[in-house]
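First up is the structure itself, then whatever we jot down about it.
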Amino acid sequence: MDRPIPLATPSIQHGGPATPGQAPSSGQVPTFLLVIAAVLLPIAVTYGMATESEVRVLAVVVAALVAIIVIAQPMWGLVAFTTLLFTRPEDSFPALAGMRLTLATSILALMGLLLRMALNKEPFVRSHYLNCVFGLTIWAIITTFSGSATDEAAQDLGKLAIMAFLVVNLARDVKRFWVLVWGVLGCTVYLAIHSQWLYFNGVNLAYDGMTRSTGTGIFGDPNDLAVSLSFGLGLAMMLTARFKGWVRIVLIAVAIELSWAIFMTNSRGGMLAFLTVVAGYFIMSLRQKSIALVLAFIAVQLFLLVGPSRMTSFDNQEASANSRFWFWSNAVDKVKENPIMGVGFGKFAENNGGMVAHNTFAQSFAETGFPGYCFFIGCIYYCYRRRLVPQGEDESAYPDHKVVLGMRLALAGFLVGCFFITRTFTPNFYLFLALPVAAERVFLPPPKPDPDGKSAKRMPDAMMIMAIAFLSILFIKIVAEQNR
């Protein structure tokens, strides 16, 4: 259950949490920041004149203006943070290499959010999902205490916690939620077009007699690219069921573009994610479930018939597939050797011949042990835990529950693909996880109070999470041993 926690005493609060369709008031933040701008900009210009560098003057002034805008409008700071995650300018422009633009933007947006909430006496959202993200972040940092990379780990992991906190606390009304969703969809469309532009300009991955499209940075692997595009495909298909007219036509074109881009990656994990989204969409959107199942089956068969050979061929003796099973088996061995701490955050590759696990789940339990893995599974569990429609009530009374269902579908496709890639500690993974949680708060009615108290529900949830964590490790172990 999500509940607001006031940043000030109830006697001086200006109201409760933002309700759907109603954005919180801006309060004193813009005036406060105008004063900061009046001080910072002259200092920036003076600094540039002292160094006699026009480029440096421009850079400092632009940086100061961007910082002020992000702090004044943290929602747009979150959109900028999301855009930087997908576009990765540090990887495309050598002059920006080494600059932690995403980290800086996330911190500024967080500062703006906390400042606005404090000045306006707004509550922040507490949720089980955020508890699990913070727990995973803290535990993963603890696993580095025996090494020498704790500071770097704190920076990398801090982005995950900040991303989750920003999404849940900023996308808390209808308007801002859709701003973020359209922003994420736009970023995935950019990824698709950029990968195709690179492909047709000769920048691609040649492998086993075929060429595969790639992106830049963390999307340089075709598998990572395809799985991320599958989430955007899920969003586009979900939105086609909600919007009509020319907007629907544009969304259909976007869905076709994303599907084509997924095909060009020749990724088998991407193919499974694609099929999950398409089949799930038919089942979700059609009332006649028997017809939906038939259409989903036909769609799968057509893809297997016309899809690229590498995407539709599953040979466990093929080198790429076989090596994955060895990595998974090694990950299971590592968590058995140290079930509490694992090998430590960021250390699995050092214990696996320089290779990651190629499985998001295996990477998690290998590096953070069983406690950290339970936090990781909890993050996913609470994206699906809440009922879409209160028990015993007609779903027609809650038409917006399909928005949450669509978010869960997009996430399901992404998670299927994550079984074959390593996305354990990347910010966009926690962005995708946070969207269904934010959608629940915006579009679903508040949960009814638990008459038995909080502890009565938490224990079964904790036991369920631990059971899922244990069974998933066992499943990975069985699959690895049977196929390596």
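Residues take their numbers from the sequence shown, with the count starting at 1. Keep in mind the model is a prediction, meaning the values are calculated, not measured.
Taking the six-membered ring for Trp, Phe470 and Phe370 have ring centres at least 6.0 Å apart. Aromatic ring centres of Phe325 and Trp328: separated by under 6.0 Å. Aromatic rings of Phe345 and Phe425 (six-membered ring for Trp) have centroids within the 6.0 Å cut-off, being under it. Tyr199 and Trp260 have their aromatic ring centers separated by at least 6.0 angstrom. Between Phe327 and Phe348, the distance separating the two ring centers is not shorter than 6.0 angstrom. Aromatic ring centres of Phe263 and Phe274: separated by under 6.0 Å.
The side-chain hydrogen bond (donor to acceptor under 3.5 Å, both in side chains) pairs that include a residue from residues 469-478 are Tyr373-Ser472, Lys477-Glu481, where partners are two or more places apart or lie in different chains.
Scanning all heavy atoms of the two residues, the minimum distance from Val254 to Val189 falls at CG1-CG2, 3.6 Å. Across all their heavy atoms, Ala261 and Ala192 have their closest contact at CB-CB, 3.6 Å. Taking every heavy atom of both residues into account, Ala109 and Pro74 meet most closely at O-CB, 3.5 Å. Annotation for Leu160 and Thr426: closest pair CD2-C, 3.6 Å, computed over non-hydrogen atoms. Between Gly346 and Glu367, the shortest heavy-atom contact is N-OE1, 3.0 Å. Heavy-atom minimum distance, Thr137 versus Ala161: OG1-CB, 3.9 Å.
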Q.
Checking Arg116 against Gln73 for the side-chain contact (heavy atoms from CB on, under 4.5 Å) test, could you report, in this order, the C-alpha distance in whole Å, the side-chain angles of both residues, the deciding distance, and whether it holds?
A. CA-CA 9 Å; Arg116 169 167 292 187; Gln73 298 293 334; 4.0 Å; yes
Q: Any chance you could lay out the side-chain contact (heavy atoms from CB on, under 4.5 Å) test for Val442 and Asp173, step after step, and finish with the verdict?
A: CA-CA 6 Å; Val442 173; Asp173 61 70; 5.7 Å; no
Q: Walk me through it: do Phe365 and Ile476 pass the test side-chain contact (heavy atoms from CB on, under 4.5 Å)?
A: CA-CA 11 Å; Phe365 61 70; Ile476 291 174; 3.8 Å; yes
(Q) Please evaluate residues Leu130 and Asn169 with respect to the criterion side-chain contact (heavy atoms from CB on, under 4.5 Å), reporting the C-alpha separation (whole Å), side-chain torsions for both, the decisive distance (0.1 Å), and the verdict. (A) CA-CA 10 Å; Leu130 288 180; Asn169 282 275; 4.2 Å; yes
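A donor-acceptor pair under 3.5 Å is formed between the side chain of Ser213 and the backbone N or O of Met264. The main-chain N or O of Thr422 is never found under 3.5 Å from a side-chain atom of Gln363 such that the two would form a donor-acceptor pair. A distance-only check finds a donor-acceptor pair linking the side chain of Arg176 to the backbone of Leu170 [under 3.5 Å]. A side-chain donor-acceptor contact under 3.5 Å links Thr424 to the backbone of Thr360. The backbone N or O of Asp461 sits nowhere less than 3.5 Å from a side-chain atom of Tyr381 that would complete a donor-acceptor pair.
The aromatic rings of Trp178 and Phe243 stand perpendicular to each other, their planes meeting at an angle above 60°, with 30° marking the opposite boundary. Under the 30°/60° scheme for interplanar angles, the aromatic rings of Phe443 and Phe177 are found to stand perpendicular. Ring-plane geometry between Phe414 and Phe432 is classed as perpendicular, the angle between the planes exceeding 60 degrees on a 0 to 90 degree scale with a lower cut at 30.
Side-chain contact check for Ile262 versus Met271: every heavy-atom pair is 4.5 Å or farther apart. Residues Ser195 and Thr214 have side chains not in contact (no heavy-atom distance under 4.5 Å, counting atoms from C-beta outward). By the 4.5 Å heavy-atom criterion applied to side chains, Trp182 and Leu185 are counted as neighbours. Contact annotation: the side chain of Arg423 approaches that of Asn428 to within less than 4.5 Å [non-hydrogen atoms, C-beta and beyond]. Within the 4.5 Å cutoff, the side chain of Asn266 has no heavy atoms near those of the Pro222 side chain. With a 4.5 Å cut-off on side-chain heavy atoms, Leu233 and Ser259 count as touching. Residues Val167 and Tyr430 fail the side-chain proximity criterion, which asks for heavy atoms closer than 4.5 Å. Looking at Val404 and Leu444, their side chains come closer than 4.5 Å, going by heavy atoms from C-beta outward.
Checked for salt-bridge contact, Arg408 and Glu440 meet the test: a charged N lies under 4.0 Å from a carboxylate O. Salt bridge present: Arg242 and Asp400 bring a charged side-chain N and a carboxylate O closer than 4.0 Å.
Heavy-atom neighbours of Trp76 CH2 from other residues, nucleotides or ligands within 6.0 Å: at or below the threshold of 12. Enclosure of atom CZ in Phe200 by more than 12 non-hydrogen atoms of other residues, nucleotides or ligands within 6.0 angstrom is indicated. At most 12 heavy atoms of other shown residues, nucleotides or ligands fall within 6.0 angstrom of atom CH2 in Trp197.
Separating the CZ atom in Phe375 from the CD1 atom in Ile138 is a distance of 8.0 Å, to the nearest 0.5 Å. Remark: Phe219 CZ to Ser228 OG distance equals 4.5 Å, nearest 0.5 Å. With rounding to the nearest 0.5 Å, the separation of CG in Leu191 from CD in Gln196 is 11.0 Å. For the atom pair CD1 (Ile473) and CD1 (Ile478), the distance works out to 12.0 Å, reported to the nearest 0.5 Å. The CE atom of Met355 lies 6.5 Å from the OG atom of Ser323; values are rounded to the nearest 0.5 Å. Interatomic distance, Asp224 CG to Ile421 CD1, rounded to the nearest 0.5 Å: 4.5 Å.
Partner Leu235 forms a side-chain contact (heavy atoms from CB on, under 4.5 Å) with one of Val184, Thr188, Thr240 and no other, that one being Val184.
A donor atom on one side chain and an acceptor atom on the other are found under 3.5 Å apart for Asn223 and Arg212.
Under the ring-ring contact (aromatic ring centres under 6.0 Å, His included) criterion, Phe81 pairs with no residue, sequence neighbours left out.
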